[in-house]
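This report concerns only the one structure given below.
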Number of protein chains: 2
Amino acid sequence: MVTIKDVAKRANVAVSTASYALNGVKKVSEETRRKVLQAAEELNYRKNGFAADLKKSKTQTIALILSDLSGPFYSELIRGVQDIAVDHGYDLIACNSLGGQNSTAAKFLTERRVDGCIILAHNITNEMIEKSASPAFPIVLLDRQLERAHTVPIIVDNKNGGYKATTFLIQKGHNNIAFIGGPADSHDGQMRFEGYLEALQEHHIDFQSRWKVTGNFTREGGELAAKIIAAQDERPTAIFVANDEMALGAMEYFQKVGIRVPEDISIIGFDNILESKYTAPKLTTVQHPKYEMGALASHVIFQLLDGEETEKSFTLHTELIMRETVIDIMTKLRG
Amino acid sequence: MVTIKDVAKRANVAVSTASYALNGVKKVSEETRRKVLQAAEELNYRKNGFAADLKKSKTQTIALILSDLSGPFYSELIRGVQDIAVDHGYDLIACNSLGGQNSTAAKFLTERRVDGCIILAHNITNEMIEKSASPAFPIVLLDRQLERAHTVPIIVDNKNGGYKATTFLIQKGHNNIAFIGGPADSHDGQMRFEGYLEALQEHHIDFQSRWKVTGNFTREGGELAAKIIAAQDERPTAIFVANDEMALGAMEYFQKVGIRVPEDISIIGFDNILESKYTAPKLTTVQHPKYEMGALASHVIFQLLDGEETEKSFTLHTELIMRETVIDIMTKLRG
DNA sequence: TGTGCTATTTGAAACGTTTCGAATAAAAGC
DNA sequence: GCTTTTATTCGAAACGTTTCAAATAGCACA
């Protein structure tokens with residue numbers, strides 16, 4: 001393997017000079033610069049980034065840790081992070097936390113391979129996060145409520161989102177409203193449920209536990225949940241589904257078995273993933289500020305890295321996206 | 001910043017001993033091991049991964065370089081790569097090549113920050129790839145035909161895929177078949193087009209250039225292309241669209257303006273993205289072996305890393321997925 | 001010719017690990 | 001009790017850079 005020493009030797013200069021030349025430091029004469037560059041070229045020299053980072057103790061890179069690199073939800077988030085990172089001249093790498101404590105993610109968290117990181121992954125423990133954070137290694141947490149030194153959470157107001165969605169349904173005259181939730185350990189899902197509950201309560205509608213069914217945030221989960229709901233004798237007139245993917249699955253199922261959306265049953269989702277505006281009918285949902293979340297996260301990281309003060313935590317808000325899967329119950333009765 | 005030296009000092013051992021203890025090397029006594037571990041714990045010691053990698057000159061990580069970290073197409077590919085990588089005890093990081101020569105990707109390519117990499121990004125130049133590849137740094141290229149030492153391409157037989165799609169259309173009685181292609185610099189798109197051409201030729205159907213329109217592989221591009229096609233006086237009875245995303249966009253457009261799919265116009269896509277089976281009607285398409293591609297790429301990297309011989313290049317095949325957007329023209333005429 | 005500059009080049013010391021070979025301590029063999 | 005073995009521990013040399021402080025060269029000026 002060819003190192004900077006080889007380059008220096010071939011160019012007949014000291015390695016320090018070679019280093020300066022290679023990095024375009026001004027103090028080296030034009031001529032030696034050329035010599036060094038040429039030598040590097042001839043030897044096909046490639047610098048060892050680690051060695052450099054080690055010496056500089058700065059990586060100019062931040063990591064984005066996701067529990068799953070794939071999935072439609074993340075695209076926009078990643079774009080948000082990325083845009084801001086490049087603005088700051090930083091590199092972004094994404095890695096996943098599949099495998100928990102032994103995952104790639106863990107390695108980045110505990111081995112100082114990046115200058116900071118943004119985490120959206122629930123299989124990384126709080127403990128691990130607390131241990132890793134330090135002034136030189138700020139962590140931004142998405143969708144996780146954990147305020148610590150050098151750790152700032154950004155959450156979206158899921159409860160209010162759930163409240164909005166449910167209230168909307170109620171305003172449209174529905175009072176038999178089912179809820180399809182996420183896995184029990186999902187904080188988001190839980191909050192969305194609470195919003196649902198609150199709206200119900202506010203309008204003096206009793207919560208019926210048989211109408212709360214949980215899925216796993218996937219399309220298939222939504223199908224299954226829909227099936228369970230459809231199987232009951234009394235059917236709700238509307239469903240608030242805790243994420244769009246499940247909502248799409250549910251719609252798919254209803255259509256398959258001849259239950260019309262929204263004529264027979266109204267559906268409102270959550271997240272506003274790209275796909276939801278392309279379905280027929282188009283999904284009514286709650287906007288999750290994904291891009292903004294990513295961008296904000298990035299911003300905060302750089303503020304922390306610069307030693308600036310930031311808010312202790314951030315809350316982003318949601319917005320109702322009215323499309324075609326919720327119908328006014330009056331219209332329905334007349335229809 | 002606390003280093004292994006601090007740990008060693010606090011535990012009253014030599015740094016070498018501390019290192020052994022921390023890495024679980026057997027030759028250190030149980031007692032000192034405990035002492036060291038405790039000291040590390042107390043100081044909240046976190047090792048510097050770079051320093052370690054530097055010394056070991058091995059990173060145990062491979063990179064996956066994509067031109068865009070987002071996008072539905074990549075999910076499955078990533079899963080494929082990931083699955084195999086973890087099997088080999090390697091870490092995977094994804095980074096993107098947005099920004100070409102100055103991108104994060106470039107840094108990984110030229111600075112030995114990983115042991116090997118898989119590239120699916122057309123804004124990385126061939127030259128750069130050739131320069132970077134070496135026995136110690138194998139590169140697997142997806143959808144790019146570039147055979148060099150330590151560089152193996154994996155391509156899918158796009159031409160044959162295009163041929164199959166088009167032939168299928170012809171067999172269903174269509175002979176006015178339009179083509180919606182990708183951007184000019186897309187090798188895949190070009191190959192798919194050639195397959196289309198070949199099928200046409202084989203059945204003595206003249207190619208009509210006004211029926212070739214190009215999009216940018218996005219949904220919006222598909223919509224636009226569909227619009228252009230619909231605007232012509234004579235309309236084709238079928239379209240072969242070079243990727244599913246555009247096909248969905250096209251369908252969307254046709255449905256919007258009251259052109260029925262498949263009754264008025266048949267559509268066949270390419271890729272078989274997840275979404276395509278959830279549309280109404282379900283999209284007929286050509287299966288692109290995304291997962292397999294990722295998994296194979298991973299496999300090849302590890303073979304190369306082990307110094308084993310591999311094929312010079314790999315070709316993966318496609319498969320027709322018949323669903324609902326192609327109709328037999330006879331049915332149509334009768335209907 | 002010597003003095004003082006500036007511009008360039010250099011050697012050596014880091015950066016934080018791992019790992020080799022040697023040193024030491026403890027145990028065992030006789 | 002002395003030698004041999006084995007189990008631990010240790011010191012020092014890497015790994016490939018960057019960067020500081022010092023050295024040298026080149027030049028102008030007196």
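Each chain gets a letter, A, B and so on, in the order the sequences are listed, and its residues count up from 1. Just so it is clear, the values below take in all heavy atoms, side chains as well, and ignore hydrogens, waters and symmetry mates.
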- Query: Does anything in residues 48-58 of chain A reach DNA chain C, meaning a heavy atom under 4.0 Å, and if so which residues?
  - Reply: Leu54(A), Lys55(A)
- Item | Side chain Thr110(A), main chain Ala106(A), donor-acceptor under 3.5 Å | yes
Within-4.5 Å side-chain heavy-atom neighbours: [X] and [Y]:
X	Y	result
Ile119(B)	Val140(B)	no
Ser186(B)	Pro183(B)	yes
Val36(A)	Tyr20(A)	no
Cys117(B)	Ile62(B)	no
Ser103(A)	Phe108(A)	no

Show me the donor-acceptor pairs, under 3.5 Å and distance only, between side chains in residues 127-138 of chain B and residues at least two apart or in other chains.
residue, atom, partner, partner atom, Å
Glu130(B), OE2, Arg148(B), NE, 3.4
Glu130(B), OE2, Arg148(B), NH2, 3.2
Ser132(B), OG, Met128(B), O, 2.8
Ser134(B), OG, Ala136(B), N, 3.3
Ser134(B), OG, Phe137(B), N, 3.3

- Query: Contact class for Arg112(B) (heavy atom, under 4.0 Å): base, sugar-phosphate, or nothing?
  - Reply: nothing
- Message: Categorize Ser19(B) for me: base, sugar-phosphate, or nothing, with a 4.0 angstrom heavy-atom threshold over every strand shown.
- Response: base
- Over all atoms of both residues, closest heavy-atom pair of Met293(B) and His288(B): SD-CE1, 3.5 Å
- Query: First contact, last contact: which nucleotides of DNA chain C are these for chain B, 5' to 3', heavy-atom distance under 4.0 Å?
  - Reply: dG16(C) to dC20(C)
- Those residues of residues 22-38 of chain A lying under 4.0 Å from DNA chain D by at least one heavy atom: Asn23(A)
- Hey, can you pull the residues of residues 5-17 of chain A with a non-hydrogen atom under 4.0 angstrom from DNA chain D? Val15(A), Ser16(A)
- Under a 4.0 Å N-O cut-off, is there an ion pair linking Arg33(A) with Glu30(A)? yes
- Quick one: do Glu111(A) and Arg46(B) make a salt bridge, cutoff under 4.0 Å? no
- Task: I would like to know whether Arg144(A) and Ile155(A) meet side-chain contact (heavy atoms from CB on, under 4.5 Å); could you show each step before the answer?
- Result: CA-CA 7 Å; Arg144(A) 172 186 319 221; Ile155(A) 58 171; 6.0 Å; no
- Query: Mapping Tyr20(B) and Ile4(A) onto DNA chain D by nearest heavy atom, which one lands closer to the 5' end?
  - Reply: Tyr20(B)
- Task: Run the numbers on Arg113(A) and Asp53(A) for salt bridge (charged side-chain N to carboxylate O under 4.0 Å, His left out), then give the verdict.
- Result: CA-CA 9 Å; Arg113(A) 288 165 187 278; Asp53(A) 284 347; over 6 Å; no
For residues 296-312 of chain B, tabulate all N or O donor-acceptor pairs below 3.5 Å that involve a side-chain atom, not counting sequence neighbours.
residue, atom, partner, partner atom, Å
Ser298(B), OG, Val81(B), O, 2.9

